[in-house]
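Counting starts at 1 for both ligands and their atoms, in listed order.
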Amino acid sequence: MNDLSGQKALVTGGGTGVGAAIARTLADAGAEVWISGRRPEVLKAMADRHARLHAVTGDVTSPEDCARMIGAAGRPGIVVANAGAAVSKPFHRMSADDLRDMLEVNLLGVFNIWSAVLPALKETGSGRLITVASTAGLKGYAYVSAYSAAKHGVIGLTRSLALELATTGITVNAVCPGFTDTPMLDDTIANIMRQTGRDATDARKALTATNPQGRLVQPDEVADAVLWLSGPGAGSVTGQALSVSGGEVM
Ligand SMILES: NC(=O)c1ccc[n+]([C@@H]2O[C@H](COP(=O)([O-])OP(=O)(O)OC[C@H]3O[C@@H](n4cnc5c(N)ncnc54)[C@H](OP(=O)(O)O)[C@@H]3O)[C@@H](O)[C@H]2O)c1
């Protein structure tokens with residue numbers, strides 16, 4: 001296992017779901033980990049469970065908040081841009097504002113937090129920029145065109161920045177989960193039930209069926225991929241979009 005003792009990390013959206021699993025995994029590996037999000041009570045409840053977890057509130061759509069979060073975390077060397085949100089609507093009901101909202105949190109949110117830490121990483125000549133994108137950044141899905149557009153954008157950002165930083169000691173990668181068992185998935189299931197009249201079991205089955213392994217991805221599996229990308233052994237891995245989807249995307 002990677003030993004991250006002495007390292008500092010920031011995980012946006014670290015209070016719930018995939019972000020919480022990543023934060024726990026990095027802290028278990030020895031890192032001091034700051035978790036961020038907009039709801040202080042959620043972050044506090046999570047931080048209270050582990051001595052190496054620390055809470056800092058902030059909205060990733062605000063560059064000022066991102067600069068403050070990076071400062072609070074003491075210029076972390078590992079920054080996991082995980083915060084995100086999904087809206088599900090058929091294209092003909094989607095507004096330009098829906099698209100802007102998706103780009104704001106899922107794409108600009110990543111840009112804001114990475115931009116805030118990059119000067120410090122360049123000074124030290126090392127660092128790990130990681131984002132939790134999605135298989136929706138690698139293929140299309142019906143009814144989530146705005147979310148998918150934003151996640152495709154994140155993959156482009158990752159690949160291009162990786163090339164710009166290739167000689168600096170800083171790697172830039174995206175982890176792309178398929179449907180993962182988190183609060184966001186619960187919202188997706190509720191939405192399918194509303195739109196189609198299916199019950200919760202049927203809605204869950206429909207999502208599970210997209211995964212060739214016939215199951216949902218678990219948050220800890222995404223976290224283990226992030227742990228590996230955070231360690232010294234992944235130093236030559238950059239610009240990648242790593243599919244964690246049971247073979248749904250290959
Ligand atoms: N679940 C899936 O099936 C799945 C599949 C592929 C990719 N993903 C991606 O995985 C990431 C984590 O999602 P999840 O499934 O773990 O869902 P989740 O539990 O809803 O997590 C989303 C997190 O992002 C935070 N967040 C949302 N908007 C924010 C903002 N503007 N500023 C700061 N924090 C914000 C939320 O905290 P606050 O509300 O407190 O701010 C929350 O902790 C997302 O990027 C998502 O797109 C999920």
Side-chain angles (χ1 to χ4, degrees), residues 10-25 34-47 53 55-66 68-70 79-88 100-113 116 130-139 141 144 146-155 157-158 174-192 203-204 206-208 210-211 215-223 225-226 241-246 248-249:
L10 172 73
V11 181
T12 67
T16 62
V18 170
I22 293 169
R24 249 189 334 261
T25 299
W34 278 259
I35 52 173
S36 74
R38 295 161 301 176
R39 290 167 295 166
E41 69 287 358
V42 171
L43 298 172
K44 183 177 179 317
M46 175 73 190
L53 289 183
V56 54
T57 48
D59 188 326
V60 293
T61 66
S62 156
E64 294 76 22
D65 279 14
C66 286
R68 185 175 46 71
M69 291 188 278
I70 292 296
V79 173
V80 185
N82 161 81
V87 68
S88 172
R100 271 187 212 104
D101 286 349
M102 285 294 95
L103 293 174
E104 196 74 40
V105 59
N106 292 304
L107 179 54
L108 279 154
V110 178
F111 169 79
N112 288 336
I113 200 72
I130 300 166
T131 186
V132 179
S134 171
T135 46
L138 298 168
K139 63 177 261 196
Y141 291 87
V144 286
Y147 175 73
S148 181
K151 292 294 191 182
H152 273 73
V154 166
I155 304 289
L157 192 76
T158 300
V175 174
C176 298
F179 288 111
T180 307
D181 209 355
T182 71
M184 185 183 279
L185 191 96
D186 297 338
D187 290 347
T188 306
I189 288 172
N191 197 41
I192 294 174
R204 186 170 274 264
L207 298 181
T208 304
T210 62
N211 181 327
R215 64 179 182 85
L216 296 172
V217 175
Q218 294 305 306
D220 282 342
E221 296 176 304
V222 184
V226 170
L242 179 62
S243 170
V244 182
S245 67
E248 181 190 353
V249 174

What's the spacing between Glu104 CD and Asn112 CG if we round to 0.5 Å? 7.5 Å
Suppose we measure from atom 17 (O) of ligand 1 to each protein heavy atom; which comes out shortest, and what is that distance? Met184 CB, 3.2 Å
Heavy atom to atom 33 (C) of ligand 1, shortest distance: which of Gly13, Ala85, Gly58, Ser36 holds it? Gly58
To the nearest 0.5 Å, what is the distance between CG (Asp59) and CE (Met69)? 7.5 Å
Which of the listed options, Ala81, Ala133, Pro177, Ala20, holds the heavy atom that is closest to atom 9 (C) of ligand 1? Ala133
Note: heavy atom closest to atom 1 (N) of ligand 1, options Ile35, Thr182, Leu216, belongs to Thr182
Near Phe179, which atoms of ligand 1 are under 4.0 Å from a heavy atom of that residue? 3 (O)
Below the 3.5 angstrom mark, is there an N/O of Val60, backbone or side chain, next to an N/O of ligand 1? yes
Asp59 and ligand 1 - part of the residue with a heavy-atom distance under 4.0 Å: both
Check Asp181 against ligand 1 and report side chain, backbone, both or neither, counting heavy atoms closer than 4.0 Å. neither
Under the 3.5 angstrom rule, does the side chain of Ser148 hit a backbone N or O of Tyr141 as a donor-acceptor pair? no
Interatomic distance, Thr61 atom OG1 to Leu103 atom CG [nearest 0.5 angstrom]: 12.5 Å
Please answer whether the main-chain N or O of Val249 pairs with a side-chain N or O of Ser243 as donor and acceptor at a distance below 3.5 Å. yes
Under 4.0 Å to a heavy atom of Gly17 - the qualifying atoms of ligand 1, by number: 16 (O), 19 (O)
Do Val56 and Arg68 have side chains that approach each other closer than 4.5 Å (heavy atoms only, starting at C-beta)? yes
So, 4.0 Å and heavy atoms of Glu104: is ligand 1 close enough to count as a contact? no
So for ligand 1, is Tyr147 a polar contact partner (N or O within less than 3.5 Å, distance only)? yes
With respect to atom 45 (O) of ligand 1, which of Leu43, Val80, Asn82, Thr180 exhibits the smallest heavy-atom separation? Asn82
Mind checking whether Ser134 has an N or O less than 3.5 Å away from an N or O of ligand 1? no
Checking a contact table here: which protein heavy atom is nearest atom 37 (O) of ligand 1, and how many Å away? Arg39 NH2, 3.7 Å
Atom 18 (P) of ligand 1: closest protein heavy atom, distance to 0.1 Å, is Thr16 OG1, 3.6 Å
Which protein non-hydrogen atom lies closest to atom 39 (O) of ligand 1, naming both residue and atom, and how far is it? Arg38 NH2, 3.0 Å
Take Thr182 and Thr180 through the side chain to side chain donor-acceptor pair (under 3.5 Å) test and state the conclusion after the steps. CA-CA 6 Å; Thr182 71; Thr180 307; over 6 Å; no
Taking the side chain as every heavy atom from C-beta outward, state whether Val144 and Lys151 have any pair of such atoms under 4.5 Å apart. no
Non-hydrogen atom of Gly178 closer than 4.0 Å to ligand 1: yes
Ligand-residue contact atoms, ligand 1 with Gly37, heavy atoms, under 4.0 Å: 34 (N), 41 (O)
Under a heavy-atom criterion of less than 4.0 Å, does Val105 contact ligand 1? yes
For atom 35 (C) of ligand 1, the option (of Gly15, Ala83, Gly109) bearing the nearest heavy atom: Ala83
Heavy atom of the protein closest to atom 16 (O) of ligand 1 (residue, atom name, distance): Val18 N, 2.8 Å
Per the side chain to side chain contact (heavy atoms under 4.5 Å, CB included) rule, which among Ile130, Val175, Val80 passes with Ile22? Val80
Of the protein's non-hydrogen atoms, which lies at the shortest distance from atom 22 (C) of ligand 1, and what is that distance? Gly84 O, 3.6 Å
Passes salt bridge (charged side-chain N to carboxylate O under 4.0 Å, His left out), Asp181 versus Arg204? Steps please. CA-CA 10 Å; Asp181 209 355; Arg204 186 170 274 264; 3.5 Å; yes
For ligand 1, is there an N or O atom under 3.5 Å from any N or O atom of Thr135? no
dist Leu107:CG -> Leu157:CG (nearest 0.5 Å) comes out at 6.0 Å
Does ligand 1 have any atom sitting under 4.0 Å from a heavy atom of Val132? yes
Pairwise distance OG(Ser36) to CD1(Ile113) - rounded to 0.5 angstrom: 6.0 Å
